[in-house]
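The structure appears below as structure tokens.
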Amino acid sequence: MYTASVYMRGLKFGFVPTTILAMVDASIGGKNGVDVGAYKNLVGMIRQPDFLLFDYSMLQTLPQHEWINGFAEIIKHACIKDADMFVLLEQNSIENFQSDKTLLAALIEKNVQIKTTVVVADEFEKGDRKLLNFGHTLGHAIENIYQLPHGHAVSVGMVAACKLSEELNHFDTTEKQRVKHLIEKYQLTSSISFDKESIWDTLKMDKKRVSNEMNFILLNKIGEAIIKPIPMQQLEKLISQSL
Ligand SMILES: NC(=O)c1ccc[n+]([C@@H]2O[C@H](COP(=O)([O-])OP(=O)(O)OC[C@H]3O[C@@H](n4cnc5c(N)ncnc54)[C@H](O)[C@@H]3O)[C@@H](O)[C@H]2O)c1
Ligand SMILES: [Zn+2]
């Protein structure tokens, strides 16, 4: 995608996503990027595909661990934008979605709608699109250092972001527990013991850092997120003491 975007100043391209993650997230929004050393997606651009072609029958062969991975982004969408979908996820399980094609198609369509709405309103991430980074700031740092699959790293990041939301944003403790339980219900990782110093060293390099602050995504409540600039000094303290 990156190559197509830069070759001769850009070729037309389209996607046929074959994973849950790609259907609900990666194929939508036109972001591309390549990692440079420890820097995630440092070189890249935003360029929209000409078409998307979804064929749900592809998912019949998708390995179980890739299903699990994809649900992290679905849970993310529910946390930041859709409390009703959060409840739907609580009432179901991966197995339900795997055995009921109609239920699965409705879930994927809902997620496409959520991401598309955000991207159309803010293609170049000046505002609302930043909310899609929920769980990703810490998640990317963990993914880089511990080689965790993307979904698991993001889910660890989401639980950590919920803790910070509780501490800095009056996010309800019961709701924090609901997020953690949902993540565990979908067989994702809710916490790992990580070396705080090396995580901090990687986190400092994140592109979401703006001068001496990091734009962190916190929850007000399930289904509603905000962008909170946290001074780097305070963030360092929070990571070493609260996570
Ligand atoms: N642009 C974005 O906003 C964004 C967001 C998240 C991830 N990404 C990136 O998008 C890329 C795509 O992620 P992905 O989840 O599609 O991973 P992927 O294409 O790497 O697929 C994961 C694994 O599943 C296998 N696989 C895929 N579809 C299958 C199927 N239908 N049946 C059997 N096996 C199948 C693949 O061979 C591979 O081993 C990743 O590199 C990720 O970093 C981009
Ligand atoms: Zn992601």
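Fair warning: this is a prediction, and the values are worked out from it, not measured in the lab. Both counts, for ligands and for their atoms, begin at 1 and track the order of listing.
The closest protein non-hydrogen atom to atom 26 (N) of ligand 1 is Leu62 CD1, 4.1 Å. Among all non-hydrogen protein atoms, the one lying nearest atom 43 (O) of ligand 1 is Lys40 NZ, 4.8 Å. The protein non-hydrogen atom at the shortest distance from atom 2 (C) of ligand 1 is Ala26 CA, 3.7 Å. Protein heavy atom nearest atom 23 (C) of ligand 1, with residue, atom name and distance: Glu66 OE2, 3.5 Å. The closest protein non-hydrogen atom to atom 16 (O) of ligand 1 is Thr19 OG1, 2.9 Å. Looking only at protein heavy atoms, the nearest one to atom 5 (C) of ligand 1 is Asp25 OD2, 3.6 Å. Counting protein heavy atoms only, atom 13 (O) of ligand 1 is closest to Leu21 CD2, 3.9 Å. For atom 28 (N) of ligand 1, the closest heavy atom belonging to the protein is Thr18 OG1, 2.7 Å.
Distance OH/Tyr146 to OG1/Thr189: 13.5 Å, rounded to 0.5 Å.
Aromatic ring centres of His65 and His152: separated by at least 6.0 Å. A distance of 6.0 Å or more separates the ring centres of Phe51 and Phe15.
Which parts of ligand 1 touch Ala22 is read off a 4.0 Å heavy-atom cut-off, strictly below it: atoms 16 (O). Less than 4.0 angstrom separates some heavy atom of Lys115 from each of these atoms of ligand 1: 3 (O).
The existence of a salt bridge linking Lys221 and Glu175 is excluded, since no basic side-chain nitrogen approaches an acidic carboxylate oxygen closer than 4.0 Å.
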Exercise. Can you list the steps and then say if Arg209 with Glu213 is a salt bridge (charged side-chain N to carboxylate O under 4.0 Å, His left out)?
Worked result: CA-CA 6 Å; Arg209 176 177 176 177; Glu213 290 184 326; over 6 Å; no

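Between Leu132 and the choices Val118, Ile217, Asp122, the side chain to side chain contact (heavy atoms under 4.5 Å, CB included) rule is met once, by Val118.
When the Zn ion (ligand 2) is compared with the N/O/S atoms of Glu73, atom OE2 turns out nearest. When the Zn ion (ligand 2) is compared with the N/O/S atoms of His136, atom NE2 turns out nearest.
Using a 4.0 Å heavy-atom cutoff, Pro63 is listed among the residues neighbouring ligand 1.
Considering Thr61, Ile46, Leu59, Asn41 only, the shortest heavy-atom separation from atom 33 (C) of ligand 1 involves Thr61.
Not one N, O or S atom of Asp25 sits under 2.8 Å from the Zn ion (ligand 2).
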